[in-house]
Amino acid sequence: MTVTGAAPRAADAERQRLARRLADVVGDTHVLTEPALRAPYETDFTGRWSGRSLLVVRPADPAQTAEAVRVCAAAGVPVVPQGGNTGLVGGSVPGGDGTEVVLSLRRLDGIGPVDPGARQVTVGAGATLAALQRHVRRHGLDFGVDLASRDSATLGGMAATNAGGERVLRHGTVRANVAGAEAVLADGGVLNRLAGLPKDNTGYDLGGLLIGSEGTLAVLTRLRLTLRPRPPRRAGALLALDSLAHAVGVLTALRRLESLELAEFFTADGLALVLEHSGLPAPFRHAHPVYLLVECAGSHGPLDELAAVVGELDAREVAVAVDDADRRRLAAYRERHTEAVNAAGTPLKLDVTVPLAELPEFVAGLPGLLAGRARAYVFGHLAEGNVHLNLLGVAAADEEELVHAVLRRIADTGGSISAEHGIGRAKAAYLPLTRSPADIALMRAVKAAWDPAGLFNPGAVLPPAGRPGHTGGRPTTRHRGGLTWTARP
Ligand code: MLT
Ligand code: ZN
C-alpha cells in the first residue's frame with residue numbers, strides 16, 4: 001500500500017498509520033489510499049457533490065465493520081458510511097477537507113435463505129436491490145420497494161435513506177418493509193435487532209430509528225426484510241394528458257383499483273430529453289403536456305381492470321402494455337429521466353413532497369419562481385405528491401437563493417423539503433424550514449446519545465450546531481453543511 005497525493009506531510013503520516021491499522025482488520029487490498037482509487041467513492045451519482053477522503057476502507061463482514069469503526073473511533077477520525085453511492089443529496093460522500101474515512105459496505109453483499117413461512121430474508125447492507133429481486137423472485141416473492149437505480153443501490157443505503165421509489169403507493173417506503181436491523185455503534189459495539197418478530201414490544205424501536213438516519217447514528221450492516229407475494233399478472237399503460245390537474249383527476253379514479261401499484265408522471269420537456277438522450281422511439285405521434293405511467297398487479301386480470309377504468313378517462317392518447325417487454329418499454333420513458341438529465345448537465349436536484357391538491361399550482365408557479373435562472377425538468381411519483389425538480393444551467397451565484405425560494409414555497413404548501421432522497425449535506429441548512437427548534441433540539445439529543453463524539457457522517461442531516469440555517473425570508477448564511485464542497489453548476 002502506498003500513499004500519494006498533495007496532503008501535507010503530517011496528514012500523510014496520519015493516513016499511513018490509520019491505513020496500517022485498518023489493513024490489519026480488512027487486509028491490504030481493501031484500504032484505498034491512492035487518489036485514483038478513492039475517487040469513485042468521493043463523488044456522488046450526479047457528479048454534483050464531491051469531497052475528499054483520508055482513505056476508503058472496505059470491510060467484508062459485520063465483525064470487520066465493527067473493528068474498523070473501533071479503529072477509527074480510537075484515532076478520532078470521522079466515518080462516512082457508504083453503500084452503492086447512488087445518493088443525490090451529498091449524504092454518502094465525504095466533506096472537503098480530507099479528514100474523513102469512507103466506510104464502504106459494498107462487500108457485505110450476502111443474501112440469506114428465504115424464510116417462506118415468515119416471508120422474510122436477511123441481507124447484508126451491501127447487497128443490491130437487483131440481486132435481492134433475483135433471489136426472492138425465484139420463490140414467488142418480492143421486495144415491496146423498487147427504484148430505477150436497482151442495479152447499484154444497496155439495501156443498506158436504501159434503509160439508511162428510507163428510500164421510496166416507484167411502488168410506495170401500494171407497499172410504502174423501506175421503513176414499512178424492514179422487520180429488523182443490525183448495526184455497528186459509534187464505540188464499535190453491535191446492536192442486533194434482526195429477529196424480525198412481527199410482535200415484539202420491548203422498549204424503544206432502536207433498529208427502526210436507524211431507517212432514514214442517513215448514517216449519522218450507526219452503521220447498518222444487515223437487515224431483515226419483509227417480503228410479499230409477487231402478483232403473477234401485471235399490466236401497464238402510458239396515458240397522455242392535458243395537464244397535471246388532469247393527471248391528479250385520473251389518479252383519483254385509478255385509486256379505486258386495489259391492484260394499482262405505480263403512478264408516475266413526467267412532462268413533454270422531460271420526455272423530449274429522454275428521447276434525445278436514449279434514441280428511444282416516441283410513445284405517441286404527437287407530444288402532450290403531461291404523461292402518466294401506471295401499473296396494476298394482481299392474480300386476476302389486472303389488464304381488464306385497468307382497461308375498464310382507463311376507458312372511462314378522457315386521456316388524449318393511451319399506450320397499453322400487454323406483456324413484460326412492453327411494460328419495460330413504457331417504464332423506460334420515466335425511468336431514464338435521471339440519466340437523461342445527468343447527460344445534459346450537472347443538475348441541481350430538489351426532491352420534495354407537495355400535498356397532492358397543491359401540486360398542479362406548485363408546478364405551474366415554478367417559472368415565476370425560477371425567473372429564467374434554470375431549465376426545469378419535473379417528474380416523479382404522483383400518488384405521494386413526490387416531485388423531482390431537476391434544474392439545469394443554474395449559475396453558482398443563483399443557486400442558494402433558488403434552492404431557498406423553492407423549499408420556502410414547499411414549506412408554505414405544508415409539504416416536505418425531502419420526500420425520499422434524504423437531507424444529506426445538501427439540505428441540512430434548510431431543515432428549520434419544516435422542523436421546529438424543539439424538533440431539531442430533540443434530533444440533536446438523539447444524535448448525541450448514539451454518537452457522542454460526532455464520529456458518523458459529520459455535517460449530514462443536522463445543521464452544524466450554532467448555525468441556525470434558513471428559517472424564512474432571504475438566505476442569510478452561505479452554507480454547505482460546514483464543509484468545503486465542490487458544487488459544479
Ligand atoms: C427517480 O425517481 O427517478 C429518482 O428518485 C429521481 C431523480 O433522479 O431525481
Ligand atoms: Zn424518485
Side-chain angles (χ1 to χ4, degrees), residues 43-49 83-92 128-130 144-154 157-175 177 212 214 238 247 261-267 269-271 273-274 277-278 291-295 328 330-354 356 359 363 366 374-392 394 403 406-407 410 415-424 426-427:
T43 297
D44 84 349
F45 197 58
T46 61
R48 182 168 202 87
W49 300 104
N85 201 14
T86 56
L88 302 166
V89 288
S92 60
T128 63
L129 174 59
V145 179
D146 194 15
L147 29 86
S149 54
R150 58 185 74 80
D151 290 317
S152 351
T154 61
M158 288 173 62
T161 52
N162 186 29
E166 299 171 351
R167 291 168 205 276
V168 172
L169 80 92
R170 188 153 182 199
H171 302 306
T173 61
V174 166
R175 185 171 282 132
N177 294 273
E214 299 186 47
L238 182 65
E261 192 157 297
L262 173 148
E264 301 279 306
F265 76 94
F266 49 96
T267 67
D269 290 350
L271 179 61
L273 199 66
V274 168
H277 165 72
S278 65
Y291 300 89
L292 185 64
L293 176 77
V294 296
E295 271 187 35
R328 278 196 294 273
L330 290 186
Y333 294 120
R334 160 63 183 90
E335 289 196 341
R336 297 191 71 172
H337 268 66
T338 300
E339 65 184 73
V341 170
N342 272 16
T346 303
L348 172 58
K349 292 173 93 76
L350 295 172
D351 156 56
V352 295
T353 302
V354 188
L356 203 50
L359 193 141
V363 173
L366 282 173
R375 295 197 308 286
Y377 294 92
V378 175
F379 55 95
H381 316 285
L382 188 64
E384 296 84 50
N386 181 177
V387 177
H388 294 310
L389 177 56
N390 282 239
L391 303 179
L392 286 176
V394 179
V403 173
V406 173
L407 298 185
I410 290 295
S416 171
I417 64 164
S418 173
E420 60 171 5
H421 295 169
I423 293 294
K427 287 181 179 166

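Indexing begins at 1, ligand by ligand and atom by atom, following the structure's order.
Between His337 and Phe266, the distance from one ring center to the other falls under 6.0 angstrom. In this structure, His421 has its ring center closer than 6.0 angstrom to the ring center of His388.
Against a heavy-atom cut-off of under 4.0 Å, His381 is close to the following atoms of ligand 1: 2 (O). Atoms of ligand 1 lying under 4.0 Å from at least one heavy atom of Asn390, given by number and element, are 9 (O). The atoms of ligand 1 that sit less than 4.0 Å from any heavy atom of Glu420 are 2 (O), 5 (O).
Among the heteroatoms counted here (N, O or S) of Glu420, OE2 is the one nearest to the Zn ion (ligand 2).
Of all protein heavy atoms, the one lying nearest to atom 8 (O) of ligand 1 is Thr338 OG1, 2.6 Å. In this structure, the protein non-hydrogen atom closest to atom 5 (O) of ligand 1 is His421 NE2, 2.8 Å.
Neither the backbone nor the side chain of Leu147 comes within contact range of ligand 1; no heavy atom lies under 4.0 Å.
Using a distance-only test at 3.5 Å, with no hydrogens or angles considered, a donor-acceptor pair links the side chain of Asn177 to the main chain of Thr173.
When the options Glu339, Glu295, Glu264, Glu166 are evaluated for a salt bridge (charged side-chain N to carboxylate O under 4.0 Å, His left out) with Arg334, the one that passes is Glu264. Here the rule is side chain to side chain contact (heavy atoms under 4.5 Å, CB included) with Ile410, and of Val352, Leu350, Thr353 only Val352 fits it.
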Working for salt bridge (charged side-chain N to carboxylate O under 4.0 Å, His left out), residues Arg150 and Asp146: CA-CA 7 Å; Arg150 58 185 74 80; Asp146 194 15; 2.9 Å; yes

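Side-chain contact check for Leu238 versus Leu292: every heavy-atom pair is 4.5 Å or farther apart. Considering only heavy atoms from C-beta on, Leu88 stays 4.5 Å or farther from Asp351 through its side chain.
For residue Asp351, no N/O/S atom approaches the Zn ion (ligand 2) to within less than 2.8 Å. At least one N, O or S atom of His381 sits under 2.8 Å from the Zn ion (ligand 2).
Looking at Lys349, Glu264, His388, it is His388 that brings a heavy atom closest to atom 4 (C) of ligand 1. For atom 2 (O) of ligand 1, the candidate residues are Glu166, His337, Arg334; the nearest heavy-atom contact is made by Arg334.
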